[in-house]
Amino acid sequence: MNKLFFKTYLILIFLTAPFYKSQTVTVRGIAKDSLKINNIIGITVNDTVRKFRDKAFTDKKFKSENWNKYDELVKNFSTSPDFPDGNYSITAKLIDTLYFYKPRYATQKYKVADIIKNNIKVILAPAPCIPYKKCDQKVPSKLYAFVGKKIDVTSVDQSKYCGLSLDSEYKAEYKIEQEFSDHYPDSSIIFTAYDHNSLYEYDFRNYENVLIFIGKYCGDLIKDFFFPIYKTANGKWASPIKIGDEHYYKPDKFVPENIMFDKSVEFDLPNNITEEQIAQLKQYKFPEKYYKIENGKAIPIMGRYAEDLVKLWNELYLKKPE
């Protein structure tokens with residue numbers, strides 16, 4: 001009889017174990033940050049939301065086919081604790097893992113069954129970080145002004161740094177096509193660039209070639225300024241007129257001149273553009289004085305050569321030692 005009971009008991013355990021593991025429960029707990037600054041803490045089941053988002057950002061096909069599922073995924077697999085008490089509740093299976101994360105804090109993760117059994121209270125601590133390098137140098141010890149061809153521009157992960165920055169950081173590599181100042185002892189150059197939500201036309205990453213100014217500050221090469229630059233029919237480098245910037249320049253000294261750009265230098269107008277819209281473009285972006293508009297293109301007819309832009313930069317922007 002005892003043997004029969006024992007066998008029956010083992011069979012019940014074997015049959016109910018999968019049910020126990022797949023059981024869905026409502027997990028209630030507390031999650032806070034150790035500095036008590038605020039409680040913008042994300043809690044996700046099995047890190048599902050982050051994995052989905054990372055895949056969407058690296059796989060365009062996956063994003064186009066699945067991005068409409070993102071909001072539902074966030075709703076079903078993530079939550080945030082109340083502030084300031086840190087109370088949270090989320091539905092998950094006992095075998096699932098909850099991930100607790102916050103920018104610049106060390107992520108923690110726990111099995112749902114362990115959270116319930118041990119009444120785990122999560123206190124997130126700041127992650128180890130690298131202090132931002134301090135540099136009080138106002139005038140660069142070296143200034144490299146050159147026409148550069150983009151090789152690579154990548155975003156720098158700033159989460160490793162202590163504190164928050166309002167600027168995005170990029171690591172850029174450019175081939176040096178023509179120099180206009182200090183000589184750089186290599187055919188290509190790697191430098192750091194910072195940007196604060198620039199509009200498309202003011203973001204250097206959007207151009208294949210630029211006339212760019214790289215200063216050496218506290219031993220680091222940092223982007224100062226740039227002009228979009230294009231080949232001319234006579235093989236030189238020049239930049240078309242950007243009407244929004246003209247008020248910065250001294251009209252009596254840095255006068256635009258007639259330039260025949262290479263045939264490839266033209267800017268597409270929007271499809272199905274109306275006459276009224278063309279008139280607005282002529283007024284605010286492509287004035288007839290500086291551009292010829294035909295066949296849905298804006299073709300620059302005036303500009304400034306790279307040599308003159310370097311002189312302009314030196315006089316208007318470059319900080320001189322006092």
Side-chain angles (χ1 to χ4, degrees), residues 130-158 161 163-232 236-251 253-256 303-322:
I130 303 171
Y132 280 104
K133 182 177 180 178
K134 292 183 178 180
C135 180
D136 296 324
Q137 184 178 345
K138 303 300 181 183
V139 180
S141 54
K142 288 279 189 179
L143 180 65
Y144 302 105
F146 59 90
V147 171
K149 181 179 177 62
K150 180 169 62 177
I151 297 175
D152 185 50
V153 180
T154 56
S155 179
V156 174
D157 179 13
Q158 292 183 294
Y161 296 119
L164 295 174
S165 173
L166 296 178
D167 297 324
S168 298
E169 181 179 349
Y170 301 96
K171 189 66 66 177
E173 181 178 8
Y174 276 68
K175 178 184 177 183
I176 297 175
E177 300 282 0
Q178 183 178 353
E179 292 181 308
F180 294 96
S181 59
D182 290 340
H183 172 64
Y184 188 75
D186 204 340
S187 60
S188 63
I189 184 171
I190 296 175
F191 58 88
T192 298
Y194 298 95
D195 182 78
H196 183 63
N197 298 325
S198 290
L199 296 174
Y200 183 93
E201 60 184 314
Y202 292 101
D203 188 337
F204 78 104
R205 296 176 298 160
N206 296 320
Y207 301 94
E208 191 67 21
N209 294 289
V210 290
L211 170 62
I212 197 164
F213 300 82
I214 306 298
K216 192 170 188 178
Y217 297 91
C218 300
D220 296 325
L221 296 176
I222 309 293
K223 179 185 80 71
D224 268 337
F225 197 76
F226 82 97
F227 295 95
I229 206 82
Y230 302 89
K231 274 287 189 180
T232 64
K236 298 180 69 175
W237 293 99
S239 184
I241 299 303
K242 189 182 294 182
I243 191 65
D245 293 346
E246 283 300 292
H247 65 283
Y248 292 118
Y249 311 145
K250 297 178 181 179
K253 194 165 187 179
F254 301 106
V255 181
R304 294 181 177 89
Y305 285 106
E307 295 85 348
D308 296 324
L309 291 172
V310 173
K311 294 176 184 177
L312 183 154
W313 165 259
N314 286 335
E315 181 162 330
L316 299 184
Y317 296 103
L318 185 61
K319 297 175 182 178
K320 302 291 185 181
E322 296 182 357

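Computed over heavy atoms, backbone and side chain alike; hydrogens, waters and symmetry mates excluded.
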Beyond-backbone contact of [X] with [Y], side-chain heavy atoms, under 4.5 angstrom:
| X | Y | answer |
| --- | --- | --- |
| V310 | S181 | no |
| T154 | D152 | yes |
| F146 | E177 | no |
| S188 | I151 | yes |
| W313 | L211 | no |
| L309 | F254 | no |
| K138 | Y217 | no |
| S165 | Y132 | yes |

Exercise for the section: Verify side-chain contact (heavy atoms from CB on, under 4.5 Å) between D195 and F204, making sure each step is shown before the conclusion. Expected result: CA-CA 9 Å; D195 182 78; F204 78 104; 5.8 Å; no

Handout entry: Geometric cation-pi criterion K236 and Y305, 6.0 Å radius, 45° cone
Key = yes

Taking atom types as modelled, is there a side-chain donor on [X] or [Y] under 3.5 Å from an acceptor on the other?
| X | Y | value |
| --- | --- | --- |
| K175 | S187 | no |
| D203 | Y170 | no |
| D245 | Y202 | yes |

Practice task
Using the side-chain contact (heavy atoms from CB on, under 4.5 Å) rule, take F227 and L312 through it: C-alpha gap first, then chi angles, then the decisive distance, then the call.
Solution key: CA-CA 11 Å; F227 295 95; L312 183 154; 4.2 Å; yes

Counting only N and O atoms by type, is there a donor-acceptor contact under 3.5 Å from the side chain of [X] to the main-chain atoms of [Y]?
| X | Y | result |
| --- | --- | --- |
| T192 | I222 | no |
| Q158 | D167 | yes |
| K150 | R205 | yes |
| Q137 | C218 | yes |
| H196 | S168 | no |
| N206 | Y200 | yes |
| D224 | I214 | no |
| Y207 | E201 | yes |

Exercise for the section: Report, as yes or no, whether the 6.0 Å neighbourhood of atom NZ on K216 holds more than 12 heavy atoms from other residues, nucleotides or ligands. Expected result: no

Exercise for the section: Go through I190 and K171 one step at a time and tell me if the side-chain contact (heavy atoms from CB on, under 4.5 Å) criterion holds. Expected result: CA-CA 7 Å; I190 296 175; K171 189 66 66 177; 3.8 Å; yes

Practice task
Take F213 and K223, measure what side-chain contact (heavy atoms from CB on, under 4.5 Å) needs, and give me the verdict at the end.
Solution key: CA-CA 6 Å; F213 300 82; K223 179 185 80 71; over 6 Å; no

Handout entry: Residue from F180, Y184, Y174 passing ring pair (Phe, Tyr, Trp, His ring centres under 6.0 Å) with Y144
Key = Y184

Exercise for the section: State whether E246 and R304 are salt-bridged, where the test is any N-O pair (Lys NZ or Arg NE/NH1/NH2 against Asp/Glu carboxylate O) under 4.0 Å. Expected result: yes

Practice task
Measure the NZ-CD1 distance between K149 and I229 for me, rounded to the nearest 0.5 Å.
Solution key: 14.0 Å

Practice task
Please report the closest heavy-atom contact between G215 and P140, naming both atoms and the distance.
Solution key: CA-CB, 3.8 Å

